[in-house]
Amino acid sequence: MTVRTRFAPSPTGMLHIGGVRTALFCWLYARRHGGVFILRVEDTDRERSTDEAVQVILDGMEWLGLKSDEGPYYQTRRMDRYRATLEKLLAESKAYRCYCSKDELDEMRKAQMARKEKPRYDGRCRERTEPRAGVEPVIRFRNPLDGVVEVGDVIHGRVTFQNRELDDLIIARADGSPTYNFCVVVDDMDMAITHVIRGDDHLNNTPRQINMLQALGAAPPAYAHLPMILGPDGAKLSKRHGAVSVLEYREQGYLPEALLNYLARLGWSHGDQEVFSQDEMTGLFDLAQVNKSAAAINPDKLNWLNQQHMLRADLQRLAVELQGQLQRLGVQAPDLVQLQGIVAIQRERAKTLVEMARASRFFFAAPDMYEDKAVAKHIKSETPALLQQFRDRLHALTAWEAPAIHQALEGLCAEAGVGLGKLAQPVRIAVSGGSVSPPIDATLALLGREATLARLDVALAHFGSGAQ
RNA sequence: GCUCCCAUCGUCUAGAGGCCUAGGACGGUGCCCUCUCAAGGCAUAAACCCGGGUUCGAAUCCCGGUGGGAGCGCCA
């Protein structure tokens, strides 16, 4: 049997990290088993569903490369099917109309709570045959009164529920529209889903869904209830925890494969391996290795992984990404060859593309000021003379390449009897404005002769007279 | 309150009864490398929630407790 999984987000908020992890596991499982991954948008809540949210989901999935093999399906376009199924259940007396008012139900719940019982519908309309005048009824599923329901969960094992703990849930509202639990059941059945992979907040819904599936004559799928993802503080994930939408991770300069790798390791593991390529993940993933307890997000580790993936990524691709990030800083960098060179030396000193862009800005814009602290520490009275000599040697260089530049640097320092730092740091300040940059020879090589000499001249003019 | 789920270093995890003196990773600390910052290398501190049982032997199995989470909507 072909594996068929589905990711079924509701477009009522943002596609956040928890949703992405669920989508990833569904996708990985399908990929691993040569199955089909389906995207289904659960938009039956017309009050809260928005087109923007749908778009965010689509864009997010696209960015992450979690391509669906089928869909996206939209529940709002399947209303006829839900209605027909509702009628069928009604005709077979597996569902019934309930005329209780919301106030009535409210009171019922309150009374039950007061009695320390679990609040639930008491089934008072179960056997009603006559409509109540002036009331638009809802439709309830007639849940079995006794016996047990067994949920076969790949992650949790067998979980059993007593039917008497379950009540007759509403499957269609007074306006006739079907509700979530019912749509899910009809969809999973119609779409022949073999593995329902979702957050474990749905575990408690599962027995009802199995009962409905049974009422409809369908065999229940396998279930896999994934542990929740928590914020860095161990509390429930919320807007306070930074990136609300996945797309913000893109803006913050994360690589999609890094985010996916990170998310995969939240709950899943393959021995001691931390870094996974896409192919490794799809080749190794299995639900059997998913653990049961909730996991807190760790931004430091995400950053580390992002760097690991940048270190492994294609230079051309990163150059384009860096170009985009630079643009956001208002820096135009049209030379992709130069950008590749920059990426090559910057990626081991940046956790994200945003960091890389910030640290690479000086390649494209001469410093408009020198950092006070750096100047105080590295610009001494003998510095201008040294800088001037270095400038002259660079000017005379035939080949503008890192090794030659390095030689010039080393040679001069040796002659002057000073350590490399005595010269490299002032040059760094002249060229970048601060005391941090990639190795100075590589930096100057990438910066180019013209820009280098010009910046040294500016610095000389500045420090030459200013320094005591 | 009721039902269900969960429990290994700060965090993510390995561990399917002896291989555990509990391993790896992030982060921390120290050292090496070094023109700065990194990257890299080496080293180091740091955990089996508690209590019973089963067993020759338990992080691993069972029970209880404690703690955390989820669900109990005409939301999904």
Side-chain angles (χ1 to χ4, degrees), chain A residues 8-13 42-45 47-49 75 98 100 102 105-106 109 112-120 136-140 151 153 155-156 159-162 165-167 169-175 177 179-181 183-184 199-207 225 227-228 230 232 234 236 262 265-275 289 291-305 307 311 345-351 359 374 377-378 406 409-410 413 419-429 432 434-441 443:
Chain A
S10 62
T12 51
E42 310 218 320
D43 54 355
T44 50
D45 183 353
E47 305 275 302
R48 298 194 301 151
S49 295
Q75 290 190 322
C98 168
C100 296
K102 289 185 186 183
L105 296 174
D106 243 32
R109 277 193 273 268
Q112 286 163 331
M113 290 285 249
R115 269 180 274 131
K116 304 197 166 186
E117 286 168 20
K118 180 195 237 176
R120 59 207 222 268
E136 280 305 325
V138 298
I139 299 174
R140 285 182 187 273
V151 178
D153 193 289
I155 295 169
H156 294 268
V159 184
T160 64
F161 294 84
Q162 298 291 325
E165 292 294 337
L166 273 25
D167 65 353
L169 82 164
I170 291 171
I171 56 178
R173 305 180 181 94
D175 67 3
S177 62
T179 59
Y180 165 76
N181 272 293
C183 296
V184 166
D200 67 12
D201 48 336
H202 289 280
L203 185 53
N204 285 300
N205 289 329
T206 310
H225 287 98
M228 303 267 86
L230 278 18
K236 206 162 120 187
Y262 178 71
R265 283 288 290 103
L266 237 39
W268 174 75
S269 60
H270 177 71
D272 285 340
Q273 190 171 346
E274 296 289 351
V275 183
Q289 329 295 332
N291 68 212
K292 300 186 261 205
S293 47
I297 286 208
N298 181 185
D300 285 333
K301 187 154 181 186
L302 205 211
N303 284 337
W304 174 78
L305 258 180
Q307 181 169 43
L311 255 15
I345 50 169
Q346 289 288 42
R347 62 178 167 179
E348 67 190 38
R349 33 181 64 76
K351 302 284 190 196
K377 184 163 183 194
H378 300 292
H406 187 76
L409 185 79
E410 232 173 15
C413 287
L420 285 183
K422 281 267 185 281
L423 178 54
Q425 283 303 74
V427 174
R428 209 179 314 268
I429 290 166
S432 76
S435 59
V436 175
S437 90
I440 202 65
D441 50 355
T443 298

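In what follows, every chain begins at residue 1, and chains take the letters A, B, ... in the order their sequences are listed. Reckoned from all heavy atoms, side chains included, excluding hydrogens, waters and symmetry mates.
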Between A:Leu302 and A:Pro11, name the one whose nearest nucleotide on RNA chain B is closer to the 5' end. A:Leu302

For A:Ala174, which contact category applies under a 4.0 Å heavy-atom criterion: base, sugar-phosphate, or nothing? base

C1' atom, B:G1 versus B:A59: distance in rounded Å? 34 Å

Side chain to side chain donor-acceptor pair (under 3.5 Å): pairs with one or both residues in residues 293-305 of chain A, sequence neighbours excluded: A:Tyr254-A:Asn303, A:Glu274-A:Lys301

Starting from C1' on B:G1, measure out to CZ on A:Arg115 and report it in whole angstrom. 12 Å

A:Lys301 NZ to B:G27 P, in whole Å, measures 10 Å

Using a cut-off of 4.0 Å on non-hydrogen atoms, how would the nucleic acid contact of A:Asp167 be classed: base, sugar-phosphate, or nothing? nothing

Starting from C1' on B:G10, measure out to CG on A:Asn298 and report it in whole angstrom. 9 Å

Distance, rounded to the nearest Å, where A:Arg140 contributes CZ and B:C74 contributes P: 7 Å

When you check the phosphate oxygens OP1 and OP2 of B:G73, does a side-chain N or O of A:Arg109 lie under 4.0 Å from one of them? yes

A:Ser432 side chain near A:Thr443 side chain, heavy-atom distance below 4.5 Å: no

Gap in Å between the two C1' atoms, one belonging to B:G51 and one to B:A45, rounded: 30 Å

Tell me the partner of B:C37, counting only Watson-Crick (N1-N3 plus N6-O4 or O6-N4) or G-U wobble (N1-O2 and O6-N3) with both under 3.5 Å; none if nothing fits. none

What residues, two or more places apart in sequence or in another chain, satisfy salt bridge (charged side-chain N to carboxylate O under 4.0 Å, His left out) together with A:Asp43? none

May I ask you to test the A:Leu302-A:Ile297 pair for a side-chain heavy-atom distance under 4.5 Å? no

Using Watson-Crick geometry (N1-N3 plus N6-O4 or O6-N4) or G-U wobble (N1-O2, O6-N3), each under 3.5 Å, B:A14 is paired with none

Would you say B:A76 has OP1 or OP2 under 4.0 Å from some side-chain N or O of A:Ser49? no

Nearest 0.5 angstrom please: A:Lys118 NZ to A:Met113 CE, how far? 12.0 Å

Find the distance A:Lys116:NZ to B:C2:C1' and express it as a whole number of Å. 11 Å

Hey, does A:Arg120 reach any base, or is it just sugar-phosphate, or nothing, if we go heavy atoms under 4.0 Å? nothing

Re B:G71: Watson-Crick or G-U wobble partner, both distances kept under 3.5 Å, found to be B:C2

Could you pull out all residues at least two apart from A:Arg428 that satisfy salt bridge (charged side-chain N to carboxylate O under 4.0 Å, His left out)? none

For A:Lys351, check salt bridge (charged side-chain N to carboxylate O under 4.0 Å, His left out) against everything at least two apart and list the hits. none

Starting at CG of A:Asn205 and ending at P of B:U3, how long is that distance when rounded to a whole Å? 18 Å

Apply ring pair (Phe, Tyr, Trp, His ring centres under 6.0 Å) to A:Phe161 and list each qualifying residue two or more places apart in sequence or on a separate chain. none

What distance separates A:Asp200 CG from A:His156 NE2, expressed to the nearest 0.5 Å? 5.0 Å

Not counting sequence neighbours, which residues clear salt bridge (charged side-chain N to carboxylate O under 4.0 Å, His left out) with A:Glu117? List them please. A:Arg115

For B:U60, the Watson-Crick or wobble counterpart (both distances under 3.5 Å): none

For each nucleotide in nucleotides 58-67 of chain B, reading 5' to 3', give B when a protein heavy atom comes within less than 4.0 Å of its base, S when such contact involves only the sugar-phosphate, and - otherwise. ----------

Mind checking if A:His202 touches a base, just sugar-phosphate, or nothing, with heavy atoms under 4.0 Å? base

Flag, side chain of A:His225 to backbone of A:Asp153, donor-acceptor distance under 3.5 Å: no

Rounded off to whole Å, could you give me the CG-to-C1' distance for the A:Leu169 and B:G71 pair? 13 Å

Taking N and O atoms by type only, does the side chain of A:Gln273 place a donor or acceptor under 3.5 Å from a partner on the base of B:G24? no

How would you label the contact of A:Glu274 with the nucleic acid (heavy atoms, under 4.0 Å): base, sugar-phosphate, or nothing? base

Look at the side chain of A:Gln112 and the backbone N and O of A:Arg120, then say whether any donor-acceptor pair between them is shorter than 3.5 Å. yes

Is A:Lys292 close to A:Ile155 at the side-chain level, that is, under 4.5 Å between some pair of heavy atoms? yes

Going 5' to 3' through nucleotides 33-42 of chain B and flagging B where a protein heavy-atom sits under 4.0 Å of the base, S where only the sugar-phosphate is that close, and - otherwise, we get --BBBBSS--

Mind listing the N/O atom pairs, protein and nucleotides 4-6 of chain B, below 3.5 Å?
unit_1 : atom_1 : unit_2   : atom_2 : d
B:C5   : O3'    : A:His156 : ND1    : 2.9
B:C6   : OP1    : A:His156 : ND1    : 3.3

For RNA chain B, whose closest nucleotide is more 5', that of A:Ala295 or that of A:Ile170? A:Ala295

If you measure from the P atom in B:A76 to the same atom in B:G69, how many Å do you get, rounded? 25 Å

Taken to the nearest whole Å, CG/A:Leu166 to P/B:G73 is 12 Å

Do any N or O atoms from the side chain of A:Arg347 and from the backbone of A:Ala350 form a donor-acceptor pair under 3.5 angstrom? no

Would you compute the distance between atom CD1 of A:Ile440 and atom CD of A:Gln425 and round it to the nearest 0.5 angstrom? 8.0 Å

Is there a Watson-Crick or G-U wobble partner for B:C19 with both distances under 3.5 Å, and if so, which one is it? none

Using modelled atom types and a 3.5 Å cut-off, is there a donor and acceptor pairing between side-chain atoms of A:Asn205 and backbone atoms of A:Asn181? no

Under 3.5 Å between N/O atoms: give me all the protein pairs with nucleotides 14-17 of chain B, atom names plus distance.
unit_1 : atom_1 : unit_2   : atom_2 : d
B:A14  : OP1    : A:Ser269 : OG     : 2.8

Taken in chain and number order and not counting sequence neighbours, the residues that satisfy side-chain hydrogen bond (donor to acceptor under 3.5 Å, both in side chains) with A:Glu348 are none

Return the nucleotide paired to B:A43: Watson-Crick means purine N1 to pyrimidine N3 with N6-O4 or O6-N4, wobble means G-U with N1-O2 and O6-N3, both under 3.5 Å. B:U29

Quick check for you: among B:G10, B:A25, B:G71, whose closest atom lies nearest to any side-chain atom of A:Lys118? B:G71

Expected rows: protein N/O vs nucleotides 47-50 of chain B N/O, under 3.5 Å:
none

Quick one: does A:Val436's side chain get under 4.5 Å of A:Arg349's, heavy atoms only? no

For B:C49, which nucleotide in any strand shown is its Watson-Crick or wobble partner with both distances under 3.5 Å? B:G65

SG-CG distance between A:Cys100 and A:Leu105, expressed to the nearest 0.5 angstrom: 5.5 Å

Using a cut-off of 4.0 Å on non-hydrogen atoms, how would the nucleic acid contact of A:Lys422 be classed: base, sugar-phosphate, or nothing? nothing

